[in-house]
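See below for the structure under consideration.
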Amino acid sequence: MIENKQQDLDLRYLRMASIWSENSYCNRRKVGALIVKDKMIISDGYNGTPSGFENICEDENNVTKPYVLHAEANAITKIARSGNNSDGATLYVTDSPCIECAKLIIQAGIRRVVYAREYRFTDGIDLLRRANIEVVLKKIEE
């Protein structure tokens with residue numbers, strides 16, 4: 001019963017992260033993330049350029065600009081600017097984290113990551129597992 005309730009919550013939060021990804025101005029891939037602690041959304045993020053930059057993620061060759069922030073990094077850095085902390089929280093993200101975001105997730109004290117789509121590189125997921133963070137792939141039914 002409790003496990004089914006958690007699965008239902010996971011799916012709902014993932015769908016919310018997917019909706020949040022629609023805020024991204026990136027053309028190649030739109031990614032959304034939510035950080036949830038004690039059943040409260042404490043932060044959110046989507047991939048895009050830093051505050052104050054133009055909202056264009058790709059260059060003229062459709063290559064992602066090197067300074068584009070990932071959704072997870074945006075959500076984690078928002079927590080740093082708030083009175084909250086992410087110790088023991090769950091990160092819901094539309095796409096599996098890269099290795100750079102995995103490092104941030106570990107350092108932020110996030111204990112669980114739920115994602116909807118796998119990326120071609122698995123080094124981020126591998127690092128999270130090595131850090132004993134629970135990792136769950138949960139596809140969003142369209």
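Positions are given from 1, in the same order as the sequence printed here.
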For the residue pair N84 and K37, establish whether any side-chain heavy-atom pair is separated by less than 4.5 Å. no
Grouping I, L, V, M, F, W and Y whenever their side-chain heavy atoms are under 4.5 Å apart, do L91 and F121 come out in a common cluster? no
Which residue is it: R112, K138, R15? I am looking for the one with a salt bridge (charged side-chain N to carboxylate O under 4.0 Å, His left out) to D10. R112
Relative to the ring of Y67, is the ring of F53 parallel (under 30°), tilted (30 to 60°) or perpendicular (over 60°)? tilted
Please check if the side chain of D59 supplies one atom and the backbone of N61 the other of a donor-acceptor pair under 3.5 Å. yes
Grab the two heavy atoms, one from S86 and one from A108, that are nearest each other, plus how far apart they are. OG-O, 2.6 Å
Taking all heavy atoms of P97 and all of A102, pick out the closest pair and write down the distance. CB-N, 4.4 Å
Which value, rounded to the nearest 0.5 Å, describes the distance between Y115 atom OH and Y92 atom OH? 14.5 Å
Any donor-acceptor pair under 3.5 Å linking the side-chain atoms of K30 with those of N23? no
Nearest heavy atoms of D87 and N85, plus distance in Å: N-OD1, 3.0 Å
For the atom pair OG1 (T94) and CG (L14), what is the distance rounded to the nearest 0.5 Å? 8.5 Å
Are N27 and C57 close enough that some pair of their side-chain heavy atoms sits under 4.5 Å apart? no
Are K103 and E72 ion-paired here, with the side-chain N under 4.0 Å from a carboxylate O? no
If you group Ile, Leu, Val, Met, Phe, Trp and Tyr by side-chain heavy-atom gaps below 4.5 Å, do I106 and I76 land in one group? yes
Indicate yes or no: at least one non-hydrogen side-chain atom of I105 is less than 4.5 angstrom from one of L128. yes
CD1-CG distance between I41 and L34, expressed to the nearest 0.5 angstrom: 5.0 Å
Distance-only side-chain donor-acceptor flag, R111 / T90, under 3.5 Å: no
Side chains of I125 and Y119 in contact at under 4.5 Å (non-hydrogen atoms): no
Do N4 and Q7 have side chains that get closer than 4.5 Å, going by heavy atoms? yes
Can you confirm whether N47 sits close enough to L69 that some side-chain heavy atom of one is under 4.5 Å from a side-chain heavy atom of the other? no
Is N74 reaching over with its side chain to a backbone N or O of Y46, donor-acceptor style, under 3.5 angstrom? yes
Taking T77 for the side chain and A73 for the main chain, is one N or O donor matched with an acceptor at less than 3.5 Å? yes
Does K65 reach the side chain of V68, with side-chain heavy atoms less than 4.5 Å apart? yes
To the nearest 0.5 angstrom, please state how far the CD atom of E100 sits from the NE2 atom of H70. 9.0 Å
